[in-house]
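Within every chain, numbering begins at 1; the chains are lettered A, B, ... in the order of the sequence lines, protein sequences first and strands thereafter. All values reported here derive from a predicted model rather than from experimental measurement.
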Protein chains: 2
Amino acid sequence: MDTRLDLVFAALADPTRRAILTMLLEDDMAVTDVAEPFEMSLAAVSKHLAILTRAGLISQEKRGRVKWCKLEPDALKDASVWMQAFGQFEELDLDAFERFLDAELGQEPAR
Amino acid sequence: MDTRLDLVFAALADPTRRAILTMLLEDDMAVTDVAEPFEMSLAAVSKHLAILTRAGLISQEKRGRVKWCKLEPDALKDASVWMQAFGQFEELDLDAFERFLDAELGQEPAR
DNA sequence: GCAATCGTCAACCGATCGGTTGAATATGGG
DNA sequence: CCCATATTCAACCGATCGGTTGACGATTGC
C-alpha cells in the first residue's frame with residue numbers, strides 16, 4: 001500500500017546508507033569512490049546503492065563505464081511530511097541541527 | 001555508534017508500527033486495544049510495541065493488569081533533524097501534509 | 001478462591017538482510 | 001587487440017524479522 005514509505009525508512013535504518021547519503025550531499029560520486037571509505041566489499045556497497053535507488057533516495061546514471069550516484073532529496077519529503085504529524089516540528093530546532101551537522105560532517109563514515 | 005537513529009528508522013519502516021503510532025496520536029491505549037484492529041495475534045502486536053519502545057517512540061506503563069502505551073514524539077526529533085540536512089524542507093509543504101493527513105486518518109490501519 | 005482477562009515468553013517458521021567470494025559483463029586506454 | 005578498470009550477478013552464509021502457537025505469570029472481579 002504505502003510501500004514507498006516502507007522503502008525510504010528501511011533504507012535510512014542502516015548507518016552505512018545514511019553515511020553514503022551524507023557523502024552524496026557534497027557531490028555526485030562514482031560507485032567505486034562511494035565504496036572507498038568503507039571496510040566492506042564493493043559488491044556490498046553496490047547493494048546498498050541499489051537499496052537507496054529502489055527507495056528513490058538516489059539515482060544512478062551510467063556514463064561510460066562509470067555509474068554516477070546522485071542524491072534525490074525529494075524522496076525524503078514524503079517521509080518528512082509523515083513525521084510532521086507527531087512532533088510539532090514546525091519550529092525547526094536550529095541549534096540541534098547545527099550540532100548535528102558538526103557531528104555528522106566531522107566524523108568519517110567508516111563502519 | 002548512532003544506534004538510536006537505526007532503531008527509530010527501523011521502527012518506522014513497518015506499516016503496522018506506523019499505524020500504531022497514528023492511533024496513539026489520538027490517545028493513550030492499552031495493548032489489547034492497540035491490537036484490536038489488526039489481523040494478527042496479540043503476541044505479534046506486543047512485539048511491535050516492544051520495538052517501538054526500544055526505539056523510544058512510545059513508552060509503556062503498567063497500571064494494574066493493563067499496560068498503557070503512550071506516544072513519545074521527542075524520539076522523532078533526532079530523526080527529523082537528521083533529515084533536514086537533505087531536502088531543504090524549511091518550507092514545509094502544507095498541501096502535501098494535509099493530503100497526507102486525509103489519507104492517513106481516513107484509512108483503517110488493518111494489514 | 002477461582003475463573004477470566006491482560007500481556008509476555010519461548011520455540012518455531014519462512015523470508016529478508018547484510019555481508020562474503022568468485023565469476024561475468026561492459027567499457028576504456030594504449 | 002588486450003589488459004585494466006568499473007560494476008553487477010549468483011550463490012552462499014549466519015543473523016534478524018515478522019509472524020504463529022501454546023504455555024505461562026499477574027491481576028482482577030465475583
Side-chain angles (χ1 to χ4, degrees), chain A residues 1-24 27-55 57-70 109-111, chain B residues 1-24 27-55 57-70 109-111:
Chain A
M1 181 181 291
D2 43 7
T3 310
R4 167 55 61 90
L5 220 41
D6 294 11
L7 292 176
V8 171
F9 281 128
L12 294 177
D14 184 280
T16 299
R17 289 191 291 262
R18 289 198 306 276
I20 291 174
L21 292 178
T22 301
M23 293 165 61
L24 291 178
D27 220 338
D28 299 357
M29 297 179 77
V31 173
T32 303
D33 295 334
V34 170
E36 195 271 331
F38 296 100
E39 291 168 346
M40 71 182 70
S41 69
L42 182 61
V45 173
S46 178
K47 281 190 187 180
H48 281 303
L49 291 170
I51 289 171
L52 289 168
T53 300
R54 268 201 315 142
L57 288 164
I58 68 170
S59 58
Q60 293 182 286
E61 183 197 355
K62 194 168 182 180
R63 272 201 299 274
R65 72 179 154 181
V66 17
K67 204 165 184 177
W68 292 91
C69 305
K70 183 179 181 307
R111 185 197 191 179
Chain B
M1 180 181 292
D2 44 9
T3 310
R4 165 55 61 89
L5 220 41
D6 293 11
L7 292 176
V8 171
F9 281 128
L12 294 178
D14 185 280
T16 298
R17 290 193 289 263
R18 289 199 306 277
I20 290 174
L21 292 178
T22 302
M23 292 165 62
L24 290 177
D27 219 338
D28 300 356
M29 296 179 77
V31 172
T32 304
D33 295 334
V34 170
E36 195 270 330
F38 296 99
E39 290 169 348
M40 69 182 71
S41 70
L42 181 61
V45 172
S46 177
K47 281 189 187 179
H48 281 303
L49 291 170
I51 290 171
L52 290 169
T53 300
R54 270 199 317 143
L57 289 165
I58 67 170
S59 59
Q60 294 182 286
E61 184 196 352
K62 194 168 181 179
R63 273 203 297 274
R65 74 179 154 182
V66 15
K67 204 167 186 177
W68 292 91
C69 305
K70 183 177 180 310
R111 186 194 192 178

(request) Could you check which of C:dT27, D:dT7, D:dT28 has an atom nearest any side-chain atom of A:R65? (result) C:dT27
(message) In whole Å, I'd like the distance from the CZ atom of B:F38 to the C1' atom of D:dG18.
(response) 14 Å
(message) What's A:A30 touching, base or sugar-phosphate or nothing? Going by heavy atoms closer than 4.0 Å.
(response) sugar-phosphate
(message) Looking only at the side chain of B:R17 (C-beta and beyond, no hydrogens), which of the listed nucleotides D:dT7, C:dC6, D:dG18 gets closest?
(response) D:dG18
(message) If you compare every side-chain N and O of B:K67 against the phosphate oxygens of C:dT8 (OP1, OP2), does one of them come in below 4.0 Å?
(response) yes
(request) Determine: side-chain N/O of A:S46 to OP1/OP2 of D:dT7, distance under 4.0 Å, yes or no. (result) no
(request) For B:F9 and D:dC17, give me the distance from atom CZ to atom P, rounded to whole Å. (result) 17 Å
(request) Looking only at side-chain atoms of B:T32, point me to the closest of C:dG7, C:dG18, C:dT5. (result) C:dG7
(request) Among the candidates D:dT20, D:dT7, C:dG19, find the nucleotide nearest to the side-chain atoms of B:K47. (result) D:dT20
(request) Take atom CG of A:D14 and atom P of D:dC17, then tell me their distance rounded to the nearest Å. (result) 12 Å
(request) Report the residue (A:I51 or A:R63) whose heavy-atom-nearest nucleotide on DNA chain C is the more 5′ of the two. (result) A:I51
(message) For D:dG19 and B:S41 - does any side-chain N or O of the residue sit under 4.0 Å from the phosphate oxygens OP1/OP2?
(response) no
(request) Can you measure from NZ (B:K47) to CG (B:L42) and round to the nearest 0.5 angstrom? (result) 12.0 Å
(request) Let me know the distance between CG of A:L42 and P of C:dA24, rounded to the nearest Å. (result) 18 Å
(request) Grab the CZ-C1' distance between B:R54 and D:dT16 for me, whole Å please. (result) 11 Å
